Amino acid sequence: MPTIIDGKQTAQEIKSEIAVRVAEIRAGGGKTPHLAAVLVGSDGASQTYVGAKVKACEEVGFKSTLVRLESDVTEEDLLNMVEDINNNPDIDGLIVQLPLPKHISVDKVTNKIRPEKDVDGFTPANVGRMTLNWPAYVAATPYGIVELLKRYEIETAGKHCVVIGRSHIVGSPMSILMARNGYPGNATVTLTHSKTQNLPEICRSADILIVAIGKPEFVTADMVKPGAVVIDVGIHRIQDASKKSGFRLIGDVKFDEVAEKAAAITPVPGGVGPMTIAALLYNTLQSAEKKVFG
Ligand code: GUN
């Protein structure tokens, strides 16, 4: 059996570490870290994610503010709300949950967020800083994966790391982090996407395979080298009458058959997902302690 990389437990450990630090800050008379989340509209998945973020803040002793705006809010009003939060000295971190309604420019909104409060790591300033290997807020999903690789002591130097998917939120930053001079890093990275040819063959040469394609059970055993480390970023609800909820969650990787070949693998649920929230909390703590921008 492979090592099952337990993101749920690791995220709990990180949250406990953060809670200890928050208690220390408070005991020293410092300000409670404070995360603000802006949610536009009533998209079901976004409500679930933001709800989980707010709940996680409570768990570690952070203050949180949830700003809910109607889906027909104007771009200008949203930009003004971001600016208000930028200027609120009590708030350390600000996230605007994506996706946004079509009439609002994600780029404009993202660029409005002060990089010092951009705990999602989405602003050009933070993406640039990460790319230059400067202190930066790294986006929650890639940061969560980096932390899993570290805590499971997965060797990365000189390994062939194949990333499937080039999104700004996951694949692209992941490829940069795995190639950088450090640990985890120093891998030889192949970033694959929808125009890639011979994808199964490329995957078969991966020592570390990071899958963020957004297609249920896309990666099958024949695409995986024996002994590979497989990180599954996907999460999909599929109907399952045998479950009380009527559905179950699956990833981008066909878990059962790939697990038989892999040396280590993240499950879905309980792998990368819980780590993203832990990473967001960690970034917010870093902001409260002025550790990234000084
Ligand atoms: N939508 C999907 N993932 C994310 C994320 O990490 N942050 C924000 N703000 N929105 C998202």
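Indexing begins at 1, ligand by ligand and atom by atom, following the structure's order. Just so you know, these numbers come straight off a predicted model, no measurement behind them.
The closest donor-acceptor contact from the side chain of His160 to the backbone of Ile202 lies at 3.5 Å or more, if one exists at all.
Separating the CG atom in Leu69 from the OG1 atom in Thr74 is a distance of 9.5 Å, to the nearest 0.5 Å.
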Could you give the N/O to N/O pairs under 3.5 Å linking ligand 1 and the protein, each with its distance?
unit_1, atom_1, unit_2, atom_2, d
ligand 1, 1 (N), Gln97, NE2, 3.4
ligand 1, 1 (N), Leu98, O, 3.0
ligand 1, 7 (N), Asp120, OD1, 3.2
ligand 1, 7 (N), Asp120, OD2, 3.1
ligand 1, 9 (N), Val96, O, 2.9
ligand 1, 9 (N), Asp120, OD2, 2.6
ligand 1, 10 (N), Gln97, NE2, 3.4
ligand 1, 10 (N), Leu98, N, 3.0

Point to revise | Verdict with reasoning, His34 to Ser64, per side chain to side chain donor-acceptor pair (under 3.5 Å) | key: CA-CA 5 Å; His34 185 174; Ser64 66; over 6 Å; no
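Electrostatic pairing of Glu17 and Arg151 counts as a salt bridge here, judged by a charged N lying under 4.0 Å from a carboxylate O.
Within the 4.5 Å cutoff, side-chain heavy atoms of Met130 are placed close to those of Pro173.
For Lys8, there are no salt bridge (Lys or Arg N to Asp or Glu O under 4.0 Å) partners, not counting sequence neighbours.
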